[in-house]
There are 2 protein chains.
Amino acid sequence: MQIATVTPLPGQSRYAALADALRARIVAGEWPPGSALAAEQSLAADYGVALGTMRRALDLLAELGLVERVHGRGTFVRLGLGGAPMLRFFRFGHHDGEVPASRILARDTRAAPEPVARALGLGPGEPVLRLERLRSLGAQPVLLEEIWLPLPLFAALAEGDPAGWDDLLYPMFAQRCGVHVARAIDEIGFCAAAAAQAAVLGLPAGHPCARVQRRAFDLGGRCVESRRSLGDAHAFHYTVAIT
Amino acid sequence: MQIATVTPLPGQSRYAALADALRARIVAGEWPPGSALAAEQSLAADYGVALGTMRRALDLLAELGLVERVHGRGTFVRLGLGGAPMLRFFRFGHHDGEVPASRILARDTRAAPEPVARALGLGPGEPVLRLERLRSLGAQPVLLEEIWLPLPLFAALAEGDPAGWDDLLYPMFAQRCGVHVARAIDEIGFCAAAAAQAAVLGLPAGHPCARVQRRAFDLGGRCVESRRSLGDAHAFHYTVAIT
DNA sequence: AAGTGGTCTAGACCACTCT
DNA sequence: GAGTGGTCTAGACCACTTG
């Protein structure tokens with residue numbers, strides 16, 4: 001039974017318009033992360049299009065990373081980034097695959113500094129939560145992070161003892177704040193560690209470090225995190241396929 | 001008129017088998033880089049499959065970077081990597097978009113050292129051409145490269161004056177040696193510059209450097225180049241999208 | 001105007017997953 | 001067995017490029 005319809009913008013294909021429509025419904029929360037969308041057949045009937053056209057729309061959403069298709073089960077809204085995506089940039093000895101333990105060194109609320117406000121898409125001076133976080137493998141500190149989170153959204157993290165927090169932030173963002181990180185952009189650079197930073201990492205002052213500046217986005221494309229991670233440059237290792 | 005046929009391996013789809021068949025014909029040189037394949041309609045008829053199935057096969061080859069589809073013109077075998085793919089990793093002041101001038105510092109023929117032989121997929125001790133190459137922007141040296149090329153293939157580069165060479169190697173590989181670099185894998189790390197390397201780059205000894213270890217492959221998937229590039233770590237800059 | 005790839009349809013059948 | 005996504009077909013029409 002047809003219950004909706006899409007009208008492609010001029011120059012836009014019908015499956016692209018369908019993908020936009022479905023994306024809007026996902027962002028609106030109609031299908032929460034982890035749940036299954038309606039079946040292709042059903043969606044195609046709903047919009048009054050051929051099955052193949054609806055399939056292209058869903059394939060497009062899958063390419064964009066918004067949904068995941070599983071043969072025989074359904075099409076699912078992705079849960080967001082899991083694991084420890086920062087670790088793809090580093091190799092620390094024989095701890096591969098291990099998730100570093102996490103310790104919050106500092107937490108405070110302040111007006112967003114100008115660059116942070118710009119990264120998060122906030123107005124100047126809006127309140128943000130700032131975290132300093134040290135990640136360690138065994139007894140060895142490996143990554144020092146400064147994390148900025150927009151504040152009405154992450155209010156749940158401004159209270160309670162951070163000692164009880166999980167080693168992985170993104171699953172915690174989802175559980176406690178309802179924020180699902182779907183996508184991130186990492187800018188890799190290089191710098192010398194300032195004395196204070198080096199001390200925390202157990203490195204000599206001025207030691208060469210890799211710096212990863214991350215901006216993370218939710219399903220709707222809103223920037224929900226700005227992060228700066230620092231680690232020993234000699235542990236940095238990344239592989240890129242060029243085509 | 002049907003002139004060929006494919007039989008998918010068990011568990012393989014027909015379009016995947018078609019893509020394999022077409023890839024083999026491309027690698028064999030039936031359609032040289034830059035030329036257009038036969039039209040979809042014609043290919044579909046040749047193999048006795050539906051148009052949509054052949055389209056999926058060609059789309060797959062396009063995803064793999066083997067061909068490029070151009071609406072209204074045809075499907076073309078890709079010419080290979082162009083531009084200056086190494087520069088995606090660096091930002092040197094206000095020279096963005098500029099191609100660094102290239103100077104060959106050394107060129108010799110020798111038996112492949114073990115790691116190079118392994119990277120190139122050669123037997124131990126097979127002959128290779130070794131190049132040392134300095135790339136500069138204006139008067140400033142920016143990248144120092146050590147390049148290893150398998151020798152029967154690149155014999156044309158073992159003779160003649162390298163001073164006349166182009167600033168870009170890959171187009172020259174294509175013109176002089178018939179080698180089209182289709183794909184590369186870059187491994188990024190950081191290290192301290194050895195005294196000799198630092199001197200050439202105009203940096204103090206021990207200065208932190210970004211090191212890019214590249215393996216380049218031709219259309220057939222053969223490794224045709226092993227390269228190690230070194231540049232000032234402070235000029236290193238790379239952006240990755242995580243999803 | 002002719003030839004190319006891109007979109008869309010309508011339907012059949014297959015492969016996988018769960019109950 | 002019922003329901004899901006994956007493959008394949010056969011054909012119509014559209015959009016783009018070139019002579």
Side-chain angles (χ1 to χ4, degrees), chain A residues 1-2 4-22 25-26 31 34-79, chain B residues 1-2 4-23 25-26 31 34-78:
Chain A
M1 175 51 185
Q2 182 162 349
T5 174
V6 293
T7 56
L9 300 171
Q12 188 189 37
S13 56
R14 181 160 310 185
Y15 67 80
L18 284 167
D20 281 348
L22 294 173
R25 292 173 70 179
I26 292 172
W31 297 293
S35 69
L37 268 61
E40 302 177 335
Q41 290 277 7
S42 155
L43 286 172
D46 287 352
Y47 285 93
V49 300
L51 184 59
T53 305
M54 183 53 72
R55 279 188 57 75
R56 284 210 61 173
L58 291 168
D59 286 342
L60 220 179
L61 291 179
E63 265 179 47
L64 299 177
L66 216 61
V67 303
E68 197 166 353
R69 319 204 65 182
V70 185
H71 193 170
R73 303 220 307 128
T75 302
F76 299 83
V77 180
R78 285 203 32 195
L79 278 169
Chain B
M1 175 54 184
Q2 182 161 350
T5 175
V6 292
T7 57
L9 300 170
Q12 188 189 37
S13 56
R14 180 160 310 183
Y15 68 79
L18 284 167
D20 281 348
L22 293 173
R23 189 168 62 80
R25 293 173 70 178
I26 292 172
W31 296 293
S35 70
L37 268 61
E40 302 176 336
Q41 291 275 8
S42 155
L43 286 172
D46 288 352
Y47 285 93
V49 299
L51 184 59
T53 305
M54 181 53 73
R55 280 187 57 76
R56 285 211 59 173
L58 292 168
D59 286 342
L60 220 178
L61 291 179
E63 266 178 47
L64 298 177
L66 216 62
V67 303
E68 196 166 355
R69 318 203 67 181
V70 184
H71 193 168
R73 302 219 310 128
T75 302
F76 299 83
V77 180
R78 284 200 36 192

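Here is the naming used below: chain letters follow the sequence lines, and residue numbers restart at 1 for every chain.
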Positive for side chain to side chain contact (heavy atoms under 4.5 Å, CB included) with M54(B), one of D46(B), D59(B), V49(B): V49(B)
Short side-chain N/O contact to dG5(D) OP1/OP2 from R55(A), under 4.0 Å: no
side-chain N/O Y15(B) vs dC8(D) OP1/OP2, d < 4.0 Å: no
N or O in side chain of R56(B) less than 4.0 angstrom from dT7(D) OP1/OP2: yes
Spacing between E68(B) atom CD and dG6(C) atom P, to the nearest angstrom: 11 Å
Length of the NE2-P vector between H71(A) and dC16(C), whole Å: 7 Å
Residue A50(B), side-chain heavy atoms: nucleotide from dG5(C), dT9(D), dG6(D) that is nearest: dT9(D)
Upstream residue (5' side of DNA chain C) when Q12(A) and G72(A) are each assigned their closest nucleotide: Q12(A)
Short side-chain N/O contact from R69(B) to OP1 or OP2 of dT4(C), under 4.0 Å: no
For atom CD of Q41(B) and atom C1' of dC13(D), their distance in whole Å: 12 Å
Given dG5(D), dT9(C), dC8(C), the nucleotide with the shortest approach to the side chain of V49(A): dT9(C)
Along DNA chain C (nearest heavy atom to each residue), the more 5'-positioned of G52(A) and G74(B): G74(B)
Listed nucleotide nearest any side-chain atom of R73(B), set dT17(D), dT7(C), dT9(D): dT17(D)
